[in-house]
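Small disclaimer: the values here were computed from a predicted structure and weren't measured.
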Amino acid sequence: PAEVTRRYLGEMQAPAAQPLAASASAGSALCGQGKIVSVTARSGERQGNELSLLAGEETLEVTVRFRFDAALPMPCVAFGIETEAGVAVSSGSSVADGVMPRALAAGEGEAVLRFPQLPLAQGRYRLSVFLGCERALHVYDQALYCVEFQVVHGGKVQGVCLLPRCWNDDASRVFVR
């Protein structure tokens with residue numbers, strides 16, 4: 001316990017974290033830790049950290065690359081989506097979904113998260129990514145609001161999501177727009 005406390009206090013007094021792009025340099029020691037190396041978002045052929053998507057039609061894909069102490073188990077990746085106003089919309093993790101990120105090399109991994117036919121209503125949203133221990137109890141690193149996206153919709157719907165629905169017991173016609 002004394003060693004853990006000493007390390008914790010040392011980290012608390014360390015200089016502020018570096019920006020996302022520089023958070024895990026090639027020579028950095030990751031003793032007992034993990035670092036997000038990059039977060040890349042895409043929809044179809046468009047790529048970037050600011051995207052525009054058609055509600056219920058386009059897929060949002062987020063690739064998270066990370067490094068971790070190879071002596072540790074494979075970390076988990078978690079996400080949170082919120083509106084521009086800060087209202088939580090959804091969250092999840094590889095642990096909760098029973099999925100393991102893929103190993104790229106010793107101490108390096110990647111998780112690709114897809115939201116098929118993104119069922120969000122029109123609005124501006126932001127996504128944050130978290131890298132945590134294999135049980136999602138301890139957070140190693142975070143990339144807050146690393147992806148911002150706008151969802152556009154031609155219809156007149158209210159709320160934050162487009163729920164799949166059927167009318168008049170006709171299960172053969174499911175509407176999501």
### Query
How about Pro119 and Cys161: do any of their side-chain heavy atoms sit closer than 4.5 Å?
no

### Task
Evaluate the ring planes of His138 and Tyr140, with Trp represented by its six-membered ring, and classify them as parallel (under 30°), tilted (30 to 60°) or perpendicular (over 60°).
perpendicular

### Phe115: ring pair (Phe, Tyr, Trp, His ring centres under 6.0 Å) partners, not counting sequence neighbours
Phe79

### Query
For Arg126, which residues count as a salt bridge (Lys or Arg N to Asp or Glu O under 4.0 Å) partner, sequence neighbours excluded?
Glu82

### Message
For Ala103, give me all partners under side-chain contact (heavy atoms from CB on, under 4.5 Å), at least two apart in sequence or on another chain.
### Response
Met74

#### Entry: Other ILVMFWY residues reachable from Val139 by side-chain steps of under 4.5 Å
none

### Task
Please collect all salt bridge (Lys or Arg N to Asp or Glu O under 4.0 Å) contacts where either partner lies in residues 91-109, sequence neighbours excluded, each pair once.
Arg102-Glu110

### Query
What residues, two or more places apart in sequence or in another chain, satisfy salt bridge (Lys or Arg N to Asp or Glu O under 4.0 Å) together with Arg114?
Glu61

### Task
Under the salt bridge (Lys or Arg N to Asp or Glu O under 4.0 Å) rule, collect the residues that match up with Glu50, sequence neighbours excluded.
none

### Task
Show which residues join Leu144 in its hydrophobic cluster (side-chain heavy-atom contacts under 4.5 Å, direct or indirect), or state none.
Phe130, Tyr145

### Message
Could you work out, with side-chain contact (heavy atoms from CB on, under 4.5 Å) as the rule, every residue matching Phe149, not counting sequence neighbours?
### Response
Leu51, Leu53, Leu60, Ile81, Leu118, Leu120, Tyr125, Leu127, Val147, Val151

### Query
Can you name the side chain to side chain donor-acceptor pair (under 3.5 Å) partners of Glu84, sequence neighbours left out?
Arg124

